[in-house]
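Positions are given from 1 along the sequence. Every heavy atom of this structure was used, including side-chain atoms; hydrogens, water molecules and symmetry mates were not.
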Amino acid sequence: VATRVRFKDRRAIGVSYLHGEAMLEATARKEVLLCAGAVRSPQLLELSGVGNAALLSEIGVPVVCDLPGVGENLQDHLMVRLAYECNRPATINDMVRDRWRLAIALLRYALRRDGFFATPSVTATAYARTRDGLAYPDVRLQIGLASGTGRLSISRETGLDAFSGFHLGGYFIYPQSRGSVHIQSLDVRIQPIVRANYLSDPLDRDTTVLATKLLRRIATKTPLAQFIAIESLLFSAKGESKTGEDDAASQYELASFLIEFVRINPRVFLGLSQSQLISLALVLIGIWRLVAARALPAHSATSLSAQKR
């Protein structure tokens, strides 16, 4: 586990890392590439002395370069999921809780290469406009063949619903709310503090409400409607739930309920200004590279990861 980037005369020369309980060092021949992911990249920058000098001094990290933008400008997609009880046993929920259905699905895939094991759990996505006059879509929608308390629910133990269920989900693809990620300890094993500030911007709240209404309209259309017994519950990360009326207040309440990290990971954009980027380049040029989409100034509308075909 990398613990920090090592510097000499304000130039990155290698890394320190934990191997078991032993602290080891590796020296770079040419460059140090920082590619630690959404949360770990700003954490390692700060543990290495690159970040807000006041914060680093408070934690006890020697300051290499004062860059207040490190760890700021956190952006993430907030997905609302509406769970629907299906009126026939045709969902992943049914297959997971019934060994016979699971065996049949496996056999079907082995013999015919179709069925559940030939189909992604999210079977369709769409980009849509929530209001007239928009030049381009502002929400991403999806339908998935399972329902549960979270996107990682894969069994009854992890929150998969007990009934035949599927979900409709959607999120605002250009969130305006901003948060932060900052270290709270010198120990790399202590998770940094993540403040997402979901729905803190009025546009995010309004668009999330409209996305929820759009999902409900889709659920009333043929042929999807013929598979629905009832709209189930919208779960939050804390396990709370609400049934849905169609007024704006309840729609907002529903939309505010489910906070979920979607697609690849929460995206932590460093939010550096041009002058800060130049300063960083002057300090680290020739031996340091930040390899991450998290350094982009704004969130991408869709996944950056390539899809295998």
Measure from the side-chain N and O atoms of [X] to the backbone N and O of [Y], and report whether any donor-acceptor pair falls under 3.5 Å.
X	Y	answer
Ser48	Val50	no
Arg195	Val181	no
Asp66	Asn52	no
Ser177	Ser200	yes
Asp9	Arg11	no
Ser180	Glu72	no
Gln176	Tyr174	yes
Gln43	His182	no
Arg140	Pro137	no

Atom [atom1] of [X] and atom [atom2] of [Y]: how far apart are they, to the nearest 0.5 Å?
X	Y	atom1	atom2	result
Leu215	Leu210	CG	CG	11.0 Å
Leu55	Gln184	CG	CD	11.0 Å
Tyr198	Thr208	OH	OG1	11.5 Å
Met79	Leu141	CE	CG	8.5 Å
Leu145	Cys86	CG	SG	9.5 Å
Leu214	Thr207	CG	OG1	11.5 Å

Flag yes if more than 12 heavy atoms outside [X] fall under 6.0 Å of its [atom1] atom; otherwise flag no.
X	atom1	result
Leu107	CG	yes
Arg129	CZ	yes
Gln226	CD	yes

[X] versus [Y], closest heavy-atom pair with distance:
X	Y	answer
Tyr84	Ala219	OH-CB, 3.4 Å
Met95	Phe116	SD-CD1, 3.7 Å
Ile13	Val32	C-CG2, 4.2 Å
Arg4	Leu44	N-CD2, 3.9 Å

Indicate yes or no: at least one non-hydrogen side-chain atom of [X] is less than 4.5 angstrom from one of [Y].
X	Y	result
Asn93	Ser147	yes
Val1	Arg189	no
Leu102	Phe117	yes
Thr27	Arg6	yes
Thr212	Val209	no
His77	Phe172	no
Arg178	Leu74	no

> Checking side chain to side chain contact (heavy atoms under 4.5 Å, CB included) for the pair Ile228/Asn87: CA distance, chi angles, key distance, verdict?
Replying inline: CA-CA 6 Å; Ile228 296 175; Asn87 55 24; 5.9 Å; no
>> Would you say Thr130 and Asp138 are linked by a side-chain donor-acceptor pair, where the criterion is simply a distance under 3.5 Å?
In response: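 Asp138 vs Thr130: donor-acceptor pair found between side chains.
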> How would you list all residue pairs meeting salt bridge (Lys or Arg N to Asp or Glu O under 4.0 Å) that involve residues 99-113, not counting sequence neighbours?
Replying inline: Asp98-Arg101, Arg108-Asp114, Arg112-Asp114
Counting only pairs under 3.5 Å, give me each side-chain donor-acceptor contact of residues 163-170, with atom names and distances, residues two or more places apart or in other chains.
unit_1 : atom_1 : unit_2 : atom_2 : d
Ser164 : OG     : Asp94  : OD1    : 2.3
Ser164 : OG     : Asp94  : OD2    : 3.1
His167 : ND1    : Ala146 : O      : 2.8
His167 : NE2    : Gln142 : NE2    : 3.0

